[in-house]
Amino acid sequence: MIYFDKVSKLYNSGNSVALESVTFQVAPKEFVSIVGHSGAGKTTLLKMLIAEDVPTEGQVFFESLDIHKIPRGKLPKFRRKIGTVFQDFKLLPHKTAFENIAFAMEANGRSDEEIAENVPQALALVDLQDKIWNFPGELSGGEKQRVAIARAIVNQPDIIIADEPTGNLDPIATYEVVQILKKINDLGTTVIMTTHNKGVIDELGRRVITMDEGRIVRDDAEGKYVL
């Protein structure tokens with residue numbers, strides 16, 4: 001379980017409020033979308049979860065672990081529990097799809113045998129097994145994002161964080177990416193996604209947390225996007 005307990009984040013000596021007393025929890029295997037206008041605090045919230053940012057007040061827990069009390073030397077081990085997908089893909093341009101995903105496994109100390117077995121499986125899960133040796137420049141935007149999702153899941157994390165994963169995609173690619181995220185969630189991985197796209201929310205029909213000016217203003221289990 002993930003639990004945010006009265007988390008606030010202030011910048012510029014307290015003159016800029018990114019998060020204000022945010023409290024919510026996410027159950028294992030849940031799919032939660034976080035929505036809100038630009039500047040609402042969505043990305044700051046995700047940064048708290050992977051310990052890229054530290055609360056001014058409050059605590060963030062993963063299971064019973066206070067994330068921001070993890071010693072710096074142990075943060076890489078904790079972050080292996082979380083796979084991250086970005087709006088701009090962040091693929092290495094001079095590496096093939098296979099090599100981009102293998103790189104994530106190598107960073108986790110996985111063996112060549114594991115890499116040879118697991119990378120094709122991850123690509124199959126995102127329906128890109130036929131693009132295994134293509135470079136990012138040879139892929140469409142939707143295909144790049146699917147490679148990025150394969151990279152995020154290949155180490156079998158407990159959680160996938162997707163920060164505006166369809167922000168740069170056309171409607172067809174958006175639909176495909178959403179279906180893949182749903183499939184990953186159905187297989188037992190917790191998914192937390194930020195989005196501006198009402199169509200994505202309507203397609204998912206899963207829990208939606210709405211943020212405004214750093215606060216949670218709505219938490220809807222039925223997947224309604226109201227701004």
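It should be emphasised that the depicted structure is a prediction, and the values quoted were computed from it without experimental measurement.
Side-chain atoms of Ile160 and Met193, non-hydrogen and from C-beta on, never get closer than 4.5 Å to each other. Between Phe31 and Leu181 the shortest side-chain heavy-atom distance falls below 4.5 Å. Between Asp163 and Thr84, every side-chain heavy-atom pair lies at or beyond the 4.5 Å cut-off. Residues Lys90 and Arg151 are in side-chain contact: their nearest non-hydrogen atoms beyond the backbone lie under 4.5 Å apart. When side chains are defined from C-beta on, Lys131 counts as touching Leu139, because their heavy atoms get closer than 4.5 Å. Leu125 is listed as a side-chain neighbour of Lys183, based on a closest heavy-atom distance under 4.5 Å. Looking at heavy atoms from C-beta onward, Met48 lies in side-chain contact with Pro55 at the 4.5 angstrom threshold. When side chains are defined from C-beta on, Glu57 does not count as touching Lys6, because their heavy atoms never get closer than 4.5 Å.
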Using the side-chain contact (heavy atoms from CB on, under 4.5 Å) rule, take Phe78 and Ile50 through it: C-alpha gap first, then chi angles, then the decisive distance, then the call.
-> CA-CA 8 Å; Phe78 164 72; Ile50 57 176; 5.6 Å; no

Stepwise, does the side-chain hydrogen bond (donor to acceptor under 3.5 Å, both in side chains) test hold for Asn155 with Arg80?
-> CA-CA 7 Å; Asn155 287 310; Arg80 290 172 196 160; over 6 Å; no

Could you give me the CA-CA distance, side-chain angles and deciding distance for Val60 and His68, then say whether side-chain contact (heavy atoms from CB on, under 4.5 Å) is met?
-> CA-CA 7 Å; Val60 183; His68 298 97; 3.7 Å; yes

Show the numbers, then the answer: is there a side-chain contact (heavy atoms from CB on, under 4.5 Å) between Thr189 and Ile153?
-> CA-CA 9 Å; Thr189 303; Ile153 64 172; 6.0 Å; no

Is there a side-chain contact (heavy atoms from CB on, under 4.5 Å) between Val147 and Ile101 once you walk through the steps?
-> CA-CA 7 Å; Val147 172; Ile101 299 165; 4.3 Å; yes

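Among Asp158, Ile67, Ile159, the one residue that satisfies the side-chain contact (heavy atoms from CB on, under 4.5 Å) test with Ile2 is Ile159. Residue Met211 forms a side-chain contact (heavy atoms from CB on, under 4.5 Å) with just one option from Val35, Val22, Val217, and that option is Val22. Applying the ring-ring contact (aromatic ring centres under 6.0 Å, His included) test between Phe98 and each of Phe135, Trp133, Phe103 identifies Trp133 as the sole match.
Judged by distance alone, the side chain of Lys42 and the main-chain N or O of Gly36 form a donor-acceptor pair under 3.5 Å. Of the possible donor and acceptor atoms, one in the side chain of Glu114 sits under 3.5 Å from a partner among the backbone N and O of Ser111. In this structure, Asn108 contributes its side chain and Arg110 its backbone to no donor-acceptor pair below 3.5 Å. In this structure, Thr96 contributes its side chain and Glu99 its backbone to a donor-acceptor pair below 3.5 Å. With hydrogens and angles ignored, the 3.5 Å screen pairs a side-chain donor or acceptor of Lys9 with a backbone N or O of Val54. For Arg146 (side chain) and Val126 (main-chain N/O), a donor-acceptor pair under 3.5 Å exists by modelled atom type. When atom types are taken as modelled, the side chain of Asn185 and the backbone of Lys29 share a donor-acceptor pair closer than 3.5 angstrom. A donor-acceptor pair is defined here as one N or O able to donate and one able to accept, closer than 3.5 Å; no such pair exists between the side chain of Gln121 and the backbone of Asn118.
Minimum heavy-atom separation, Asp88 to Asn168: CA-ND2, 4.1 Å. Closest non-hydrogen pair, Ser33 versus Leu204, comes out as OG-CD1, 3.5 Å. Between Ala173 and Gly142, the shortest heavy-atom contact is CB-CA, 3.7 Å. Nearest heavy-atom pair, Pro136 versus Pro93, reported as atom, atom and distance to 0.1 Å: CD-O, 3.6 Å. Closest heavy-atom contact between Gly73 and Pro76: O-CD, 3.7 Å. The shortest non-hydrogen separation linking Arg207 to Val26 is NH1-CA, 4.1 Å.
Leu187 and Ile82 are assigned to two separate hydrophobic clusters, defined by single-linkage of ILVMFWY side chains at heavy-atom distances under 4.5 Å. Leu75 and Ile161 fall within the same hydrophobic cluster, defined by Ile, Leu, Val, Met, Phe, Trp and Tyr side-chain heavy atoms under 4.5 Å apart, directly or through other members. Note on Leu92 and Phe89: separate hydrophobic clusters, where clusters join Ile, Leu, Val, Met, Phe, Trp and Tyr whose side-chain heavy atoms are under 4.5 Å apart, directly or indirectly. Taken together through direct or relayed side-chain contacts under 4.5 Å among Ile, Leu, Val, Met, Phe, Trp and Tyr, Val191 and Val200 form part of one hydrophobic cluster. Criterion: ILVMFWY side-chain heavy atoms under 4.5 Å apart, direct or through other members. Under it, Leu19 and Ile192 are part of a common hydrophobic cluster.
In the model, His196 has a side-chain atom that pairs as donor or acceptor with a side-chain atom of Glu164 under 3.5 Å. Side-chain contact, Asp53 with Tyr11: a donor N or O sits under 3.5 Å from an acceptor N or O. For the residue pair Gln145/Gln87, the side-chain donor-acceptor check at 3.5 Å is not satisfied.
Going from atom NZ of Lys69 over to atom CG of Leu65 covers 10.5 Å, rounded to the nearest 0.5 Å. Rounding to the nearest 0.5 Å gives a distance of 10.5 Å between CD1 of Ile209 and CG of Asp220. Between the OG1 atom in Thr23 and the CG atom in Asp219 there is a gap of 11.5 Å [rounded to 0.5 Å]. To the nearest 0.5 Å, atom CD1 of residue Ile115 and atom CD of residue Glu113 are 9.0 Å apart. One finds the CG atom of Asp202 at 8.5 Å from the CG atom of Asn197 (value rounded to the nearest 0.5 Å).
In this structure, Gln179 places its CD atom where more than 12 heavy-atom neighbours from other residues, nucleotides or ligands lie under 6.0 Å away. Other residues, nucleotides and ligands contribute only 12 or fewer heavy atoms inside 6.0 Å of the NZ atom of Lys81.
The aromatic rings of Phe4 and Phe24 lie parallel to each other, their planes meeting at an angle below 30°, with 60° marking the opposite boundary.
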